[in-house]
Amino acid sequence: AFLPTAHAAEPDKTVTTEEELRTALKNAPPENNFTIQLTRNIEITNTLTIYDDKTSPDPSAQPETRYITIIAVDGVKLTASQDFGGGSMFDVGGHTRLTIDCEIEGNGRCSIVSATDSASLTLTPNADLHGGSSGVSVNGAASFRMTGGRVHDNSGDGISVNSGGSIQISGGSIENNGTGVYVGSNSNLSLKGGTFTGNTNDVVIGAPTQSTPPSSNTPSVTIDADSNVTANIRIDGSSTPPVPPTATQLTIEQGAMLTGDVSVGSFQINNGPQPNVQNQGTIDGNVSLGANTKLQNDGTIKGVVVTEEGASAAGNHPEGGTVSAGTPYTITATAGGRSATVSVTVSNLALHTVEDFE
């Protein structure tokens, strides 16, 4: 029950100050779609906390969900004037459903939005979150959906999900962040679209951690069927046994296209029956596998697969071939009727082109 872009509808409340915005968020009625419109730039000096409130005096009564959308007239935005003690400009929890359809600018000393508990957060095409130490943080059973808009120029993670949270990205732009999207333990990311540009790292899948039950320790990313995604994806390994992943970390479904490279870190022990990467679609890029990791390729890989000691690649042969890291690899280059053969060693999971050795 998310609202679409709401500019065409009359807002339920217009606000011009931080206090008016805080009051409107607190008094939003439960079980109704409530739209708040910003008509002036507002500096935020204290965290805006949005939780559901029980309207019944009965202590056993369940909280009632509130559906809130924040919109703005052209050019109006929210800005941060404090560091919030390292916290967030917005703290969304409980069963709140918050849709952001406006610009929010951080100051480099705070994150912009944090969603926890069973809260849901949605960014629509008019959303523009930038300038924070991080953009969006999703934790616990909270969920996040990005259908459009921008998350950009945050010094840390543009978007992060941890501790059982889930996120879905089907549109919008994630650009110029430290890490575009970070997926932590026992959390998942569904990629249906969106663009990644200029990030130091586009998508990072964190290392598995100790957990109870053990089956819940693996962060996962799925590129959904018939989706086209352009991003480089890094899967962190673990140097501390016995913490292998207990489920597939990256799945590219049938009909999906990933344009970019996939790199998998090393593990001290074999990770069991599940592959780290399951490709049923197309990877238009290279794949590097750290020690004791696995690739199951039932689709197409157009680049080269590099395997570290103890790694394995099964299924369809990649179009670019396979290389074992640390062993000689021969390249023959031809130009102007002349050819030259060089033998190089692939190390540290680094992939080289012929131009590197001219």
Side-chain angles (χ1 to χ4, degrees), residues 2 25 44 46-52 68 70 78-80 82-124 127-170 172-191 194 196 199-207 209 219-221 231 234 236:
F2 292 95
L25 291 169
I44 305 303
N46 292 285
T47 298
L48 293 164
T49 302
I50 313 171
Y51 280 82
D52 48 22
I68 301 172
I70 302 176
L78 300 173
T79 60
Q82 302 290 333
D83 60 10
F84 305 104
S88 303
M89 293 176 67
F90 281 83
D91 183 8
V92 187
H95 293 78
T96 301
R97 306 292 186 258
L98 176 65
T99 299
I100 295 177
D101 193 45
C102 65
E103 180 180 357
I104 306 178
E105 180 179 6
N107 58 11
R109 303 190 303 273
C110 64
S111 59
I112 296 177
V113 185
S114 174
T116 58
D117 301 327
S118 297
S120 291
L121 175 67
T122 297
L123 299 188
T124 60
D128 186 349
L129 275 55
H130 61 97
S133 57
S134 64
V136 175
S137 176
V138 181
N139 296 280
S143 62
F144 168 72
R145 186 173 69 169
M146 184 173 180
T147 64
R150 300 174 67 202
V151 178
H152 64 101
D153 293 287
N154 297 285
S155 59
D157 300 330
I159 302 165
S160 66
V161 56
N162 292 279
S163 305
S166 63
I167 60 180
Q168 180 188 101
I169 299 173
S170 57
S173 176
I174 301 166
E175 56 193 278
N176 301 326
N177 303 285
T179 294
V181 179
Y182 177 82
V183 184
S185 184
N186 191 27
S187 300
N188 66 84
L189 161 64
S190 171
L191 273 174
F196 293 80
N199 304 292
T200 304
N201 300 286
D202 288 334
V203 178
V204 174
I205 304 173
T209 60
S220 65
V221 172
R234 189 187 85 201
D236 289 341

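Owing to the predicted nature of the structure, the values given are computational and were not obtained by experimental measurement.
- Here the CD1 atom belonging to I159 is positioned 8.0 Å from the CG atom belonging to N177, to the nearest 0.5 angstrom.
- Going from atom OG of S118 over to atom CZ of R97 covers 7.0 Å, rounded to the nearest 0.5 Å.
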Worksheet item: Could you walk me through whether Y51 and V92 pass the side chain to side chain contact (heavy atoms under 4.5 Å, CB included) check?
Response: CA-CA 6 Å; Y51 280 82; V92 187; over 6 Å; no
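- Closest of all the heavy-atom pairs between G132 and I112 is N-CD1, 4.1 Å.
- The two residues S187 and N162 make their nearest non-hydrogen contact at OG-C, 3.0 Å.
- Between the side chain of N199 and the main chain of N201, no donor-acceptor pair closer than 3.5 Å is present.
- The shortest non-hydrogen separation linking P219 to G184 is CB-O, 3.0 Å.
- The side-chain contact (heavy atoms from CB on, under 4.5 Å) search around S163 returns none, not counting sequence neighbours.
- Between atom CG of residue D101 and atom OG1 of residue T99 there is a gap of 8.0 Å, rounded to the nearest 0.5 Å.
- N107 pairs by the side-chain hydrogen bond (donor to acceptor under 3.5 Å, both in side chains) definition with nothing, not counting sequence neighbours.
- Not counting sequence neighbours, S114 has no partner by the side-chain hydrogen bond (donor to acceptor under 3.5 Å, both in side chains) test.
- With T96 contributing its side chain and G94 its backbone, the two residues share no donor-acceptor pair below 3.5 Å.
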Fill in: Trace of the side chain to side chain contact (heavy atoms under 4.5 Å, CB included) decision for I50 with L98
CA-CA 9 Å; I50 313 171; L98 176 65; 4.1 Å; yes
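- Not a single side-chain hydrogen bond (donor to acceptor under 3.5 Å, both in side chains) links S134 to another residue, sequence neighbours left out.
- A distance of 11.5 Å separates OG in S166 from CZ in R145, rounded to the nearest 0.5 Å.
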Practice prompt. Take D91 and T47 through the test side-chain hydrogen bond (donor to acceptor under 3.5 Å, both in side chains) and record every step on the way to the result.
Written response: CA-CA 7 Å; D91 183 8; T47 298; over 6 Å; no
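- Minimum interatomic distance between G108 and S133 (heavy atoms only, all atoms of both residues): O-CB, 3.9 Å.
- Interatomic distance, N154 CG to E175 CD, rounded to the nearest 0.5 Å: 10.5 Å.
- Every residue meeting the side-chain hydrogen bond (donor to acceptor under 3.5 Å, both in side chains) condition with D236, not counting sequence neighbours, appears here in chain and number order: R234.
- Distance check, rounded to the nearest 0.5 Å: CD1 of I167 to CG of L121 gives 10.5 Å.
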Item to complete: Go through Y182 and V203 one step at a time and tell me if the side chain to side chain contact (heavy atoms under 4.5 Å, CB included) criterion holds.
Response: CA-CA 6 Å; Y182 177 82; V203 178; over 6 Å; no
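- In terms of heavy-atom proximity, S111 sits nearest to S88 at OG-OG, 2.6 Å.
- Checking T147 against T124 by side-chain atom types alone, no donor-acceptor pair falls below 3.5 Å.
- With sequence neighbours excluded, the residues satisfying ring pair (Phe, Tyr, Trp, His ring centres under 6.0 Å) with H130 are H152.
- Shown here for M89 and C110, the closest heavy-atom pair between the two residues is CG-SG, 3.9 Å.
- For the side-chain contact (heavy atoms from CB on, under 4.5 Å) test with F90, the passing option among I100, V136, I70 is I70; the others fail.
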